[in-house]
Amino acid sequence: MARTGGRSLWFAVPIGALCLAVVIGLGWFAAPLVPGVVGFVGDALRFGSEQNVDAEPTTPPAQSVTAEEDVDIDCRALYPNDLWGEVLWSPDALLSQSADAPATAVEGLTDVLSPDVAVTCAWRSEGGTLTTSLSGVGEDAVTVADAALRGQGFACETDESSLTCVRTSGDQVETHTIRDGVWLVSVETSWHPEDYAARVAAQVWG
């Protein structure tokens, strides 16, 4: 192949080596700045999430569900600040928000209670999954759910107006709380933040 006129191999080789040396030198000088840049980006992302964490609603979601007017509820409203941050910053955490029916393993319970789903929050991370649903239900929901859940091996506590039932099966924990016409269902699979269901319930009912 004919060489392009005007180009000298003896000239090109040293120039190429010089350029490579300059690039390596710049990389060596820039290396100490890399942790700072990474830290800056991380702080910026963390600051944005903290702003979101601080935006905690003043009205408990349960009151919004039972209000006469329609009020949109998002997943952020279900979580206290500390739990929201803990779940959000879990490795590879991904949230999917929908109006899907509660993810209960009790066959037929959703059909019997006929919930009006306000929001369903499904989290996935490298540790497992978390699914929580908030719905409006009828006045007889406590009585109906009490019998159905106890029959499926749930341990239940109840009074005149509320019901809380929990069942652990393998690495899955399923928790139901019904109070004042509101049904909260949490299913934890291989991922168990401390007192997850109880902390969500405390946020929902204020």
Side-chain angles (χ1 to χ4, degrees), residues 46 48-90 93 95-104 106 109-110 112-123 125 129-146 148-150 154-168 173-189 191-206:
R46 188 173 297 106
S49 293
E50 287 174 352
Q51 295 299 304
N52 193 23
V53 165
D54 290 338
E56 187 171 1
T58 56
T59 302
Q63 293 183 18
S64 300
V65 170
T66 56
E68 293 183 0
E69 66 275 8
D70 292 332
V71 179
D72 290 333
I73 299 176
D74 62 11
C75 289
R76 176 64 189 91
L78 300 189
Y79 295 84
N81 288 343
D82 55 350
L83 181 57
W84 175 261
E86 179 182 342
V87 174
L88 181 66
W89 284 99
S90 297
L95 170 64
S96 176
Q97 178 174 306
S98 68
D100 293 345
T104 175
V106 181
L109 182 60
T110 301
V112 172
L113 294 182
S114 300
D116 182 10
V117 180
V119 66
T120 292
C121 308
W123 294 88
S125 78
T129 62
L130 300 169
T131 304
T132 296
S133 297
L134 184 71
S135 308
V137 288
E139 296 180 357
D140 61 344
V142 168
T143 303
V144 173
D146 189 9
L149 293 171
R150 288 181 190 273
F154 283 77
C156 298
E157 296 180 359
T158 185
D159 57 32
E160 293 181 357
S161 62
S162 67
L163 170 72
T164 299
C165 296
V166 182
R167 183 180 69 180
T168 300
V173 178
E174 181 172 334
T175 306
H176 297 255
T177 303
I178 301 176
R179 186 188 309 170
D180 303 324
V182 176
W183 181 24
L184 178 68
V185 184
S186 292
V187 179
E188 310 164 40
T189 304
W191 183 11
H192 307 288
E194 185 176 2
D195 296 327
Y196 173 81
R199 291 158 74 186
V200 174
Q203 173 73 3
V204 167
W205 280 280

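These figures come from a predicted structure and were not determined experimentally.
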**Student:** Is the backbone N or O of Glu194 less than 3.5 Å from a side-chain atom of Arg199, with the two atoms forming a donor-acceptor pair by type?
**Tutor:**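 Answer holds: yes.
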**Student:** Can you see which heavy atom on Thr104 is nearest to which on Val106, and at what distance?
**Tutor:**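 Reported closest heavy-atom pair: OG1-N, 3.0 Å.
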**Student:** Looking only at heavy atoms, which two atoms of Leu184 and Ala201 are closest? And how far apart?
**Tutor:** CD2-CA, 3.6 Å
**Student:** Calculate, to the nearest 0.5 Å, the distance between atoms SG and CH2 belonging to Cys75 and Trp84 respectively.
**Tutor:**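 Separation between the atoms: 6.5 Å.
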**Student:** Val142 and side chain to side chain contact (heavy atoms under 4.5 Å, CB included): which single residue from Asp180, Leu163, Asp159 fits?
**Tutor:**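 When Asp180, Leu163, Asp159 are each tested with Val142, the side chain to side chain contact (heavy atoms under 4.5 Å, CB included) holds only for Leu163.
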**Student:** Could you please spell out the steps behind the side chain to side chain contact (heavy atoms under 4.5 Å, CB included) verdict for Phe154 and Glu174?
**Tutor:** CA-CA 9 Å; Phe154 283 77; Glu174 181 172 334; 3.8 Å; yes
**Student:** Only one of Thr132, Leu78, Asp74, Asp100 clears side chain to side chain contact (heavy atoms under 4.5 Å, CB included) with Val119; which?
**Tutor:**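 Single pass found, and it is Leu78.
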**Student:** Where the side chain of Thr158 meets the backbone of Ser162, is there a donor-acceptor pair that is under 3.5 Å apart?
**Tutor:**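 Yes, Thr158 side chain to Ser162 backbone: donor-acceptor pair under 3.5 Å.
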**Student:** Could you tell me whether the side chain of Glu86 reaches within less than 4.5 Å of the side chain of Trp89, counting heavy atoms only?
**Tutor:**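 With C-beta onward as the side chain, the pair stays apart.
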**Student:** Where is the tightest heavy-atom contact between Leu88 and Ala93, given as atom of each residue plus distance?
**Tutor:**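 Leu88 and Ala93 have their closest heavy atoms at O-CB, 3.7 Å.
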**Student:** In chain order, what residues pass the salt bridge (charged side-chain N to carboxylate O under 4.0 Å, His left out) check against Glu157, with sequence neighbours excluded?
**Tutor:**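 Glu157: no salt bridge (charged side-chain N to carboxylate O under 4.0 Å, His left out) contacts found.
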**Student:** For Gly85, does its backbone N or O pair with a side-chain atom of Asp82 as donor and acceptor, under 3.5 Å?
**Tutor:** no
**Student:** Can you confirm whether the side chains of Tyr196 and Thr175 place a donor and an acceptor under 3.5 Å from each other?
**Tutor:** no
**Student:** On a heavy-atom basis, which atom in Cys156 and which in Leu149 lie closest, and how many Å separate them?
**Tutor:**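 The pair with the smallest heavy-atom distance is SG-CB, 4.2 Å.
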**Student:** Minimum heavy-atom separation for Gln203 to Pro61, with atom names?
**Tutor:** O-CD, 3.5 Å
**Student:** Any chance you could measure Asp146, atom CG, to His176, atom NE2, to the nearest 0.5 Å?
**Tutor:**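 With rounding to 0.5 Å, CG (Asp146) is 12.0 Å from NE2 (His176).
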**Student:** Of all heavy-atom pairs between Thr120 and Ala99, which one has the smallest distance, and what is that distance?
**Tutor:** OG1-C, 4.4 Å
**Student:** Heavy-atom distance under 4.5 Å between the side chains of Leu95 and Cys121, does that happen here?
**Tutor:** yes
**Student:** Could you state the interatomic distance from CG (Asp140) to CG (Leu113), rounded to the nearest 0.5 Å?
**Tutor:** 8.0 Å
**Student:** With side chain to side chain contact (heavy atoms under 4.5 Å, CB included) as the test, would you mind laying out the steps for Ser90 and Trp123 before giving the verdict?
**Tutor:** CA-CA 10 Å; Ser90 297; Trp123 294 88; over 6 Å; no
